[in-house]
Structures are given as C-alpha cells and as structure tokens.
Amino acid sequence: MSKDLSKFLSLILRHEPAKFGVVLDSGGWTPIDVLIERIRASGFRDLDRAMLDAVVENNNKKRFTVSGDGLRIRAAQGHSVEVDLGLTPNQPPAVLYHGTAVTNLESIKNKGLLPGNRQHVHLSSDRDTAVSVGTRYGKPIVLSVAAGSMFEDGIQFFQAENGVWLTDSVASKYMDVDQMEKPD
Ligand code: HQG
C-alpha cells in the first residue's frame, strides 16, 4: 500500500499532475490538503495526512519534500514536467556514478548522457545506488563520471534535497565504464 502510494505520488508530483487535477507551482510545490483530496478521489479512499506523512518519512530515497510550514509538498527530483527546483549550483565530488542498462552503452558513448524525458541527468555519489538504478532496465552497467573535471570546465551541478546529483548532460569524454562492471 505505502509503496503503491509512493509510486502514485511520484507519478503525480513528477510527471502527470494535470491528469489528477493537481497544480504544481513553478518550484514544483502543491498544497498537501488539495493533493490528499485528489488522491482520495483517485481510489486511495482512506488516505489521510498521517498516512501521507508516513510515506514521505519512510520513503527509501527521500523522494518527497514537505515545506517548512508543513503545508506543501514536492518531488525532490526526477521531474518530466518543467519545474525550477531553485537549487543552488554546488561543487560535486570528483567522481559520480550513473547506472544504466548495457544495451544503452553504445548510444551513450556516441551521444553522451542525456536527460531523456526528465529535466536532468541523475548521478549518485555511491556506486551501489547506480547499480540498483541500472538494474531497473536489465543487465546493469555503471559509468563513472569525472564530475570534478566537468565542474572545472564550468558545467553546473545541483544536489537535490534527497542527495541525488543533477546536471544537464554528460559528454562522453567525461565518462568511463566503471572497471568493476565491464560488459561481458
Ligand atoms: C539512459 C530513479 C541511450 C539513461 C533513479 C537511463 C534516478 C541513454 C535512461 C532517477 C542516453 C533514462 C532517474 C543515450 C541517457 N542513449 N540511453 N544517449 N542518455 N540514457 O529513468 O537515471 O526511483 O529517465 O542511462 O534512482 O535511470 O524514480 O533516468 O537508463 O535517480 O526515484 O536513458 O530515477 O529514481 O531513464 O533514473 P530515466 P535514470 P526513482
């Protein structure tokens, strides 16, 4: 139930707010009381504020952020709808990781890492996270990204509220197949 609700929240807050009668402001925020009404109307009839708070609190990737006044909520990252998260550019660690499927490798080598439907390319500071992200699409492969070099070259990075690193794209020259994950 809470996993289903978490997935549904991601769908509404990242991808299809309008389909569920939810309006996000320019920063991706929406009032929690209205959101609860909309989610109830979509089938989670028992949902109340305490249940929503529990999903936010227990979410394994801290995908959702509640505003300081407790009135609004947004997805911390991962949007396909256009929002401006208002994050301050930040210096990344020297190396970040991106997990993907082996089948994407050739295209990534040719075109670099692109954000696809989302607003940013997503990178993590630990390779375990990258492995699990890549596993979603099949046999995973981990790319190490020379984020420090990119930063020195003037490319901006942002860190979302849940720790995920975001950047617009990653050119091939900054990437390497992680040694521990060479394809067969
Ligand atoms: C791939 C999850 C071919 C890219 C995770 C990825 C993340 C290319 C896919 C968050 C490519 C896009 C985002 C190119 C990129 N050619 N394939 N040139 N450039 N790709 O889901 O990073 O659980 O939009 O490698 O933890 O997989 O949803 O991005 O495989 O943080 O909270 O195109 O989603 O978080 O897929 O995942 P996605 P992602 P949540």
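Each ligand, and each atom within it, is numbered from 1 in the order the structure gives. Quick note: numbers below take in every heavy atom, side chains included, and nothing from hydrogens, waters or symmetry partners. This is a predicted model, so every value here is computed, not measured.
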Note: T65 and A76 closest approach over all heavy atoms is OG1-CB, 3.8 Å
How far is atom 3 (C) of ligand 1 from its nearest protein heavy atom, and which residue and atom is that? S107 OG, 3.3 Å
In terms of side-chain heavy atoms, does T129 have a donor or acceptor partner in D126 at a distance below 3.5 Å? yes
Which protein heavy atom lies closest to atom 19 (N) of ligand 1, and at what distance to 0.1 Å? L114 N, 2.9 Å
Decide if the gap between the ring center of F157 and the ring center of F151 is smaller than 6.0 angstrom. no
Nearest protein heavy-atom contact for atom 24 (O) of ligand 1: which residue, which atom, what distance? R118 NE, 2.8 Å
Students should be able to answer this: which protein heavy-atom is nearest to atom 12 (C) of ligand 1, and at what distance? Y137 OH, 4.3 Å
Nearest non-hydrogen protein atom, atom 4 (C) of ligand 1: H98 NE2, 3.4 Å
Give me the residue, atom name and distance of the protein heavy atom closest to atom 33 (O) of ligand 1. N104 ND2, 4.4 Å
Distance to 0.1 Å, residue and atom name: give those for the protein heavy atom nearest to atom 39 (P) of ligand 1. R136 NH2, 3.4 Å
For K111, counting its heavy atoms only, list the atoms of ligand 1 lying under 4.0 Å from any of them. 18 (N)
Hey, are the side chains of L87 and L166 touching, using non-hydrogen atoms and a 4.5 Å cut-off? yes
Within 4.0 Å of atom 9 (C) of ligand 1 (strictly less), any protein heavy atom? no
R14 neighbourhood, listing ligand 1 atoms whose heavy-atom distance to it stays under 4.0 Å: 28 (O), 32 (O), 40 (P)
Minimum-distance protein heavy atom relative to atom 31 (O) of ligand 1: H122 ND1, 3.1 Å
Looking at side-chain heavy atoms only, is the closest gap between I155 and Y174 below 4.5 Å? yes
When you measure from the heavy atoms of G112 to every atom of ligand 1, does any distance fall below 4.0 Å? yes
Q156 vs D168, side chain to side chain donor-acceptor pair (under 3.5 Å): CA-CA, chis, key distance, verdict: CA-CA 8 Å; Q156 283 194 331; D168 286 344; over 6 Å; no
Ignoring hydrogens, just give me the one of I108, T129, N59, T100 whose non-hydrogen atom is nearest atom 11 (C) of ligand 1. I108
I need the minimum non-hydrogen distance between G70 and I32, along with the two atoms involved. O-CD1, 3.6 Å
Above 12 or not: heavy atoms from other molecules or residues under 6.0 Å from CG of N117? no
Could you check whether R40 pairs with D46 (Lys NZ or Arg NE/NH1/NH2 to Asp/Glu carboxylate O, under 4.0 Å)? no
Show which atoms of ligand 1 fall inside a sub-4.0 Å distance from at least one heavy-atom site of R63. 23 (O), 32 (O), 40 (P)
Quick check: do L24 and V81 have side-chain heavy atoms less than 4.5 Å from each other? yes
Tell me whether V133 reaches ligand 1 (any heavy atom closer than 4.0 angstrom to a ligand atom). yes
